[in-house]
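Structure first, then comments.
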Amino acid sequence: MPLPDFLIAGAPKAGTTALHAALQRHPELYLSPVKEPKFFLTDGPPPTRGGPGDVQTYREHVWRREDYEALFAAAPPGTRRGEATPFYLYDRAAHRRIREAVPHVRFVVVLRDPVERAHSNWTHLWSAGLEPIGDVVRACAEEDRRVAAGWAHFWHYVRLGRYGEQLAHLFTLFPREQVLAFRYRDLVDRPAATLDRICAFLGVRQGLLAEVPRENVTAHPDAGRRHALLSAAARAGALAGRFLPGRLGTALAEPIEGLLQRRGDPRRPLTWEQRQRLIPYFADDVELLQRVTGEDFGDWLRPRDRSGGLVGGRPPGQRQARNGRVPPGDPRRVPG
């Protein structure tokens, strides 16, 4: 009954795709061929309704126990098995499901400045043509309405960044020695040392990994008539995709997404004015996070001297990561 020994559990838009790719290179670790199987997010089939594009994403969930176990069946003997679903930290029900299934699992948690994380999250959906609001501040103001309407976790720009609440709950179910939480900027500024720290935490050899690959870099298409038309087509395609079998809906959306992102610049830094309007969403939780961890995160409440994603501009030819399925041609591909 193969189940994971560790989980890259959070947070979305905090380098988890790149970290998953980096750890795959370690000979003593086996990462699920599907990044973000999302198994512990439900007790059965995922929802059938949500925001733009959510239904297509739900169809990619690996929710059957036998399919989830199959993701780890090819792990060589003696390796540590793991997967990366960054919504596990956020989802309190997932905490309980994980505790019931794998109580000794280890959690790897990457914490990113929550304002920066929210902006990157918004930009990800804006660049896919799914986010209809062209300003992150106004989009965050819509969050309560979207949550009430059943939009999926990835639309929860503010809630996903309230790490103090999330870790406080996690620590009611798991001992602290099973959780490694560190800053996103550690991956950026000290990748080799941070990867060694993760390897030590997982009990595998250090010194074998030195860099984090360039993965899932967010583009930032300009607003304008072209973006408006393509985005409208993307959202219409997402709506139509709810009634199509299998992954046809996703297949329809991908060409439009490619057109949107083809002219996308690197994600633009937030202004101090924008930060000032978003910081109040997180200020009380940052104080809680400091109490929970004993570390200082006060810089998250101040102006930033730099901004942007993990690796700056998007590498030529790269597109937004589509998690939840095995890359084409991967020999570990599991039938859907």
Side-chain angles (χ1 to χ4, degrees), residues 9-16 51 86-95 107-126 131 133-149 151-174 176 179-189 194 218 220 267-310:
K13 304 308 297 181
T16 58
F87 300 105
Y88 289 158
L89 177 65
Y90 172 56
D91 192 306
R92 306 329 189 253
H95 295 180
F107 294 86
V108 176
V109 175
V110 193
L111 304 177
R112 183 178 187 177
D113 175 326
V115 175
E116 287 286 313
R117 197 222 64 81
H119 185 221
S120 181
N121 195 158
W122 169 83
T123 308
H124 183 121
L125 289 168
W126 171 259
E131 172 57 75
I133 299 177
D135 174 72
V136 64
V137 176
R138 289 193 293 114
C140 286
E142 286 291 301
E143 182 162 319
D144 287 346
R145 183 188 64 79
R146 291 173 170 184
V147 171
W151 290 27
H153 289 350
F154 200 47
W155 293 95
H156 303 184
Y157 302 150
V158 172
R159 287 165 171 79
L160 282 166
R162 293 181 60 85
Y163 316 126
E165 297 172 350
Q166 297 161 24
L167 284 173
H169 185 268
L170 189 68
F171 289 147
T172 67
L173 298 175
F174 295 90
R176 290 173 180 251
V179 181
L180 175 65
F182 58 92
R183 286 179 177 243
Y184 168 81
R185 280 295 169 188
D186 292 341
L187 282 178
V188 177
D189 296 336
T194 302
T218 303
H220 195 152
R267 186 171 64 89
R268 299 177 187 86
L270 284 165
T271 66
W272 173 229
E273 179 184 2
Q274 288 174 308
R275 280 188 65 81
Q276 283 181 305
R277 295 176 66 185
L278 294 176
I279 283 173
Y281 287 117
F282 305 105
D284 65 322
D285 187 76
V286 169
E287 293 180 3
L288 174 60
L289 178 64
Q290 293 180 145
R291 294 196 300 272
V292 168
T293 64
E295 298 183 25
D296 180 13
F297 292 91
D299 57 293
W300 286 352
L301 305 179
R302 298 192 292 268
R304 293 187 60 89
D305 59 359
R306 61 177 177 170
S307 181
L310 178 65

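- A donor-acceptor contact shorter than 3.5 Å links the side chain of Gln166 to the backbone of Leu160.
- No side-chain N or O of His153 forms a donor-acceptor pair with one of Tyr90 less than 3.5 Å apart.
- Not a single salt bridge (charged side-chain N to carboxylate O under 4.0 Å, His left out) links Arg302 to another residue, sequence neighbours left out.
- The shortest heavy-atom contact between Ala14 and Leu187 is O-CD1, 4.2 Å.
- Residues Ile279 and Leu301 come closest through the heavy atom pair CD1-O, 3.5 Å.
- The two residues Val292 and Ala168 have their closest heavy-atom pair at CG2-CB, 4.0 Å.
- Atom CZ of Arg304 and atom OG1 of Thr271 lie 13.5 Å apart (nearest 0.5 Å).
- Within the 4.5 Å cutoff, no side-chain heavy atoms of Phe182 are placed close to those of Leu111.
- In this structure, the side-chain contact (heavy atoms from CB on, under 4.5 Å) partners of Asp135, at least two apart in sequence or on a different chain, are Val137, Arg138, Gln274.
- Every pair passing salt bridge (charged side-chain N to carboxylate O under 4.0 Å, His left out) that includes a residue from residues 160-171 is listed here, sequence neighbours excluded: Arg92-Glu165, Arg162-Glu165, Arg162-Asp284.
- Trp122 places a side-chain N or O within donor-acceptor distance of the main-chain N or O of Ile133, the cut-off being under 3.5 Å.
- Nearest approach of Ala139 to Arg146, heavy atoms of both residues: O-NH1, 4.2 Å.
- Applying the side chain to side chain donor-acceptor pair (under 3.5 Å) rule to pairs touching residues 291-300 yields Arg183-Asp299, sequence neighbours excluded.
- Looking only at distances, no side-chain donor or acceptor of Arg275 sits under 3.5 Å from a matching main-chain atom of Leu270.
- Every residue two or more places apart in sequence or in another chain that forms a side-chain contact (heavy atoms from CB on, under 4.5 Å) with Ala149 is listed here: Trp151.
- Gly164 and Leu288 make their closest contact through C-CD2, 3.5 Å (heavy atoms, listed as atom of the first residue, atom of the second, distance).
- To the nearest 0.5 angstrom, Tyr184 atom OH is 10.0 Å from Thr16 atom OG1.
- In terms of heavy atoms, Asp285 sits closest to Gly161 at OD2-O, 4.1 Å.
- The backbone N or O of Pro12 lies less than 3.5 Å from a partner atom in the side chain of Arg117, making a donor-acceptor pair.
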Audit row: Arg159, Asp91, salt bridge (charged side-chain N to carboxylate O under 4.0 Å, His left out) steps and yes/no: CA-CA 10 Å; Arg159 287 165 171 79; Asp91 192 306; over 6 Å; no
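- A distance-only check finds a donor-acceptor pair linking the side chain of Thr123 to the backbone of His119 [under 3.5 Å].
- Among residue pairs with one or both ends in residues 270-289, none qualify as ring-ring contact (aromatic ring centres under 6.0 Å, His included); sequence neighbours excluded.
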Might you work through the side chain to side chain contact (heavy atoms under 4.5 Å, CB included) test for Arg277 and Val136, ending with a clear yes or no? CA-CA 10 Å; Arg277 295 176 66 185; Val136 64; over 6 Å; no
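- Applying ring-ring contact (aromatic ring centres under 6.0 Å, His included) to His124 and the options Tyr157, Phe154, Trp155 leaves one that passes, Phe154.
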